[in-house]
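What follows is one structure encoded as structure tokens, with my remarks underneath.
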There are 2 protein chains.
Amino acid sequence: MELRQLKYFIKAKELLNFTDAAKALNISQSTLSQQIKQLEEELDILLFNRIGKRIILTEAGEMFSEYALQSINKANQGLLLLKDLNNLNTGKITIGVIYSMRIPFAKALIQFARRYPNIKIQVVFGTTKDLLEKLELHHFDFVLSFYERTKQPHLKYQTLLSSNMVLVTAKKSSLAGKTSISLKQVAELPLALPFSGYSTIQFFVESFSQKKLNPNICMEINDIPTLFEIVKTGHWHTILSETSVNDPHVVGIPIEGKNMRRTIMIISLREAYEKKAVKKFYELMTGIQI
Amino acid sequence: MELRQLKYFIKAKELLNFTDAAKALNISQSTLSQQIKQLEEELDILLFNRIGKRIILTEAGEMFSEYALQSINKANQGLLLLKDLNNLNTGKITIGVIYSMRIPFAKALIQFARRYPNIKIQVVFGTTKDLLEKLELHHFDFVLSFYERTKQPHLKYQTLLSSNMVLVTAKKSSLAGKTSISLKQVAELPLALPFSGYSTIQFFVESFSQKKLNPNICMEINDIPTLFEIVKTGHWHTILSETSVNDPHVVGIPIEGKNMRRTIMIISLREAYEKKAVKKFYELMTGIQI
DNA sequence: TAACATCGATCGATGGAACCGATTTAGAGA
DNA sequence: TCTCTAAATCGGTTCCATCGATCGATGTTA
């Protein structure tokens, strides 16, 4: 039993005339006769009753035709689905993003979603550690995160952009006019930092201790908008990647030092299949200045 | 696209290894490679990613496989229908049964086999979870099992009978005369329970913990006749569905509580073709008091 | 790191199947 | 009885599913 035979059968059932059906199928009448006969032999039952020169469907043929049609339809639906997939009219991608990338990522996301409205997108914000763990479990197609010291061989890394670490302070603050600030000066200010689960800040704590500085950390808050509220008072300051800063009432002052630039990477599993939609997302992100 | 190719594809998807799949299909590896490639060319998309000597399913392959499988299934169902139409007196049915139903099921089985001696019957005992998984893969015509909390829309459920949970104890035991027993009393007895893979006992563990009882579970044994041997000593007791109890040396004492009745269901795939022989089996089971 | 085992891809050969045109067979209508 | 038409059948051709052998790549073991 092959789909070809089922298609022949269905056409013959529709027209109830082998000669016409053969013409419609662009095959010869003899071929159709033979294929129907072969199908009947395999099924061990007559699908058509030959009454004189007319053919009529048998009960078996009537019942079987429903399944034959459904079988053909299912195969065709699969074909249609793939055509859709090729045109990016279907599919789903899941992305893990660190919160520092929220603002630039949102721009890319909006562009992508406009361009490919039929692709479902799932976004999960989290810490680098969490996201990478879930990536290993195939929960994400890719992760946007800072570069970690150790590259792992089973992961694929694509550089997206570099971002400077900045001291975030209120616009009305006396510091606001500076074009840069040293780590030593930062250590003397009252700080409200992001929660230490975030790699941004882990990295910073190390930088302080390397220089034997003792920063004045007053608070740790796991929410950047709230941090901004604190900073806006002008009493406290915070440290973030410059990609995180877009509030009109605060400014970011680049921190001096060659290690104060961090690299944003697209990280994915090396051996995983790369969906077409994901490739498009990469192109969009690396192409535009996000 | 032919059914042959779809079947090859599905087997390759299952085993994720062309060599093994070819063996299972009784064709050569080269044939399989070529046919898969041909299918991919016709669909104009890769179904497998070849990474070194490994193959993994692509997104397209994953999505297409569902339709491929359904196409194959529909054709097979049509075939089944015709075989059925040809002769009710031959054929084969395959049934999955939970062990608790062993005794009442055996009665129905004997009756059916006497009545339709030409129908081959294959019976597989297993846990509810195993059986339902195999049902999804079309390995069974139907499954006899306890009712699970969540009905799934693609399955068909027919109530067969209700069965009380009983404490099984030796006939010589001092408890043997009781007409019922509370869960609290049960928790104080030394228990030898069926292996926790069985849904019977999972259900019971939940009941104990809901009432904050701490049962004294001394053993878990994956074989009911062996459990009876343990129970016959009079030192230990077990918990089973009353349908499991037919040993002359033990008795079952109904456990009190409105949740202590469990419903036995006939569970089958909603969209699958229902063989005539299977319908007869349903009639026999629901008709007689098994 | 060198030898080996294993997997998928590819090649050339072959048998069988799909297909065709021509012919035969057999109802239906005149 | 003759004619028309539609399905079945026959013989020949083309195509393709299949195979075994081999290649190249990759992972494993000594």
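For clarity, every value in this text was computed on a predicted model and none was experimentally measured. Naming: A, B, ... by sequence-line order, numbering from 1 per chain.
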Please classify the nucleic acid contact of A:R54 as base, sugar-phosphate, or nothing, using heavy-atom distances under 4.0 Å.
nothing

Under 4.0 Å, counting only non-hydrogen atoms across every strand here, what does B:F48 touch: a base, just sugar-phosphate, or nothing?
nothing

Rounded to whole Å, how long is the line connecting atom [atom1] of [X] with atom [atom2] of [N]?
X     : N      : atom1 : atom2 : answer
B:E40 : C:dG8  : CD    : P     : 13 Å
A:L6  : C:dA18 : CG    : P     : 13 Å
A:L3  : C:dA17 : CG    : P     : 18 Å
B:I36 : C:dT10 : CD1   : P     : 14 Å
B:M1  : D:dC16 : CE    : P     : 17 Å
A:L32 : D:dA6  : CG    : C1'   : 12 Å
A:E2  : C:dA18 : CD    : C1'   : 12 Å
B:K7  : D:dT18 : NZ    : P     : 11 Å

Please enumerate all residues that pass ring pair (Phe, Tyr, Trp, His ring centres under 6.0 Å) together with B:F18, with sequence neighbours excluded.
B:F48

Name all residues meeting the ring pair (Phe, Tyr, Trp, His ring centres under 6.0 Å) criterion together with B:Y157; count only those two or more places apart in sequence or in a different chain, and write none if there are none.
none

For DNA chain C, just give me the dot-bracket, please: Watson-Crick or G-U, both distances below 3.5 Å, ( ) intra-strand, [ ] crossing earlier pairs, | paired with another strand, . unpaired.
||||||||||||||||||||||||||||||

Given the rule in the salt bridge (charged side-chain N to carboxylate O under 4.0 Å, His left out) test, do B:K129 and B:E133 qualify, once you have shown the distances and angles that lead to the verdict?
CA-CA 6 Å; B:K129 190 164 163 286; B:E133 274 169 14; 3.6 Å; yes

How long is the gap from CD1 on B:I56 to CG on B:N49, to the nearest 0.5 Å?
5.0 Å

Gap between atom CG of A:L144 and atom OH of A:Y99 - 0.5 Å precision:
15.0 Å

For [X] and [N], is the shortest distance between a side-chain N/O and OP1 or OP2 below 4.0 Å?
X     : N      : result
B:Q34 : D:dA17 : no
B:S30 : C:dT10 : no
A:Q38 : C:dA17 : no
B:K37 : C:dT10 : yes

Go through C:dC19, C:dA9, C:dA22 for me and flag the one nearest to the B:R50 side chain.
C:dA9

Go through A:T159 and A:T263 one step at a time and tell me if the side-chain hydrogen bond (donor to acceptor under 3.5 Å, both in side chains) criterion holds.
CA-CA 7 Å; A:T159 300; A:T263 307; over 6 Å; no

Examine distances only and state if a side-chain atom of A:R4 and a backbone atom of B:E2 form a donor-acceptor pair shorter than 3.5 Å.
no

By salt bridge (Lys or Arg N to Asp or Glu O under 4.0 Å), which residues pair with A:R50, not counting sequence neighbours?
A:E40

Of all residues at least two apart in sequence or in a different chain, which pass the salt bridge (Lys or Arg N to Asp or Glu O under 4.0 Å) check with B:E14?
B:K11

Stepwise, does the side-chain hydrogen bond (donor to acceptor under 3.5 Å, both in side chains) test hold for A:S244 with A:S241?
CA-CA 6 Å; A:S244 302; A:S241 154; 4.6 Å; no

Expected list for residues 15-29 of chain B near DNA chain D, using heavy atoms below 4.0 Å, is B:N26, B:I27, B:S28

